[in-house]
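Scroll down for the structure; my scribbles are underneath it.
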Amino acid sequence: MNPRYALSLAGATVLVLLATAVQAQQVYRIVGPDGKVTFSDRAPDPAAQAAPVPTERAQGAGGPALPYELRQVAARFPVTLYTGNDCAPCVSARNLLLARGVPFTERTVNTNEDIEALQRLSGGTSLPFGTVGGQQLQGFSDTEWTQYLDAAGYPKQSQLPTGYRRAAATPLVASVARPAPAPAAAASAVRPAQPSAAPSGPTPSNPAGITF
């Protein structure tokens, strides 16, 4: 036999044996209950594989998680509505936010302490008062509030998931009895919103030229 041919035949035999060994040692991809992926040469337990992997989602006290884009807008430009009893414009402002599906925080202004805190916050005592990000909205005008919500990027129609529940309205100032705070502490009890920025030029998506 030709020595060179014999050497080639031996090499081919070794390659075949190696390929057979690799095929025999199969690697399995295993997804654990926590979603972590590992690799093993042992077959996974069928019962473990049958267990569903939980889907990651953010869920707060309001129920199901908000859609990603809405959650991003709400994080950048949170909306807070300040209302009072027997205030028809307050009801109109609330209905606008509810109909549009805007996640918002509602603070009620009913006591003298609430009124004083509102005055420090807004410079006045008229209701409703609202903030969209750092922008302040005095009183209620459907057109004005709609322009600010549009400029912030809130969807025009509700995208809230089924089962979403907004948090209940809470007083602007907690009613728990406590010693009168020092002037500096009283000023910091309510964080004032940033003053409204001067509008820039209007654009098709922001005809009012609102700048945040």
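The closest side-chain heavy-atom distance from Thr80 to Phe129 is not below 4.5 Å. In this structure the side chain of Thr170 reaches within 4.5 angstrom of the side chain of Arg107, judged on heavy atoms. With contacts defined as side-chain heavy-atom distances shorter than 4.5 Å, the pair Thr105/Pro78 does not qualify.
Screening residues 107-137 for disulfide bond (SG atoms under 2.5 Å apart) gives no qualifying pairs among residues at least two apart or on separate chains. Screening residues 115-172 for disulfide bond (SG atoms under 2.5 Å apart) gives no qualifying pairs among residues at least two apart or on separate chains. Contacts classified as disulfide bond (SG atoms under 2.5 Å apart) and involving residues 109-144 (residues at least two apart or in different chains) are not found. Every pair passing disulfide bond (SG atoms under 2.5 Å apart) that includes a residue from residues 80-137 is listed here, sequence neighbours excluded: Cys87-Cys90.
Between Gln136 and Thr131, the shortest heavy-atom distance links the atoms CG-CG2, 4.4 Å. Closest approach of Val73 and Ala152 over heavy atoms only: CG1-O, 3.6 Å. In terms of heavy-atom proximity, Arg71 sits nearest to Leu66 at NH1-O, 2.7 Å. Closest heavy-atom contact between Pro128 and Ala93: CG-CB, 4.2 Å. Heavy-atom minimum distance, Arg100 versus Thr146: NH1-CG2, 3.5 Å.
In this structure, CG in Leu149 is found 11.5 Å from CD in Gln135, a value given to the nearest 0.5 Å. The OG1 atom of Thr125 sits 12.5 Å away from the CG atom of Asp114 when rounded to the nearest 0.5 Å. For the atom pair CZ of Phe77 and OH of Tyr148, the computed distance is 12.5 Å after rounding to the nearest 0.5 Å. Interatomic distance, CZ of Arg120 versus CD1 of Ile115, reported as 12.0 Å (0.5 Å rounding).
The hydrophobic cluster containing Leu127 does not contain Val91, counting ILVMFWY residues as joined when their side-chain heavy atoms lie under 4.5 angstrom apart, directly or transitively.
Leu160 pairs in a side-chain contact (heavy atoms from CB on, under 4.5 Å) with only one of the listed residues (Pro103, Pro64, Pro67), which is Pro103.
Annotation: ring-ring contact (aromatic ring centres under 6.0 Å, His included) contacts of Phe140 (sequence neighbours excluded): Trp145. With sequence neighbours left out, the side-chain contact (heavy atoms from CB on, under 4.5 Å) criterion links Glu106 to Thr83, Arg94, Phe104, Arg166, Ala169.
Other residues, nucleotides and ligands contribute over 12 non-hydrogen atoms within 6.0 Å of the CD atom of Gln72.
For the pair Gln138 (side chain) and Ser122 (backbone), a donor-acceptor distance under 3.5 Å is present.
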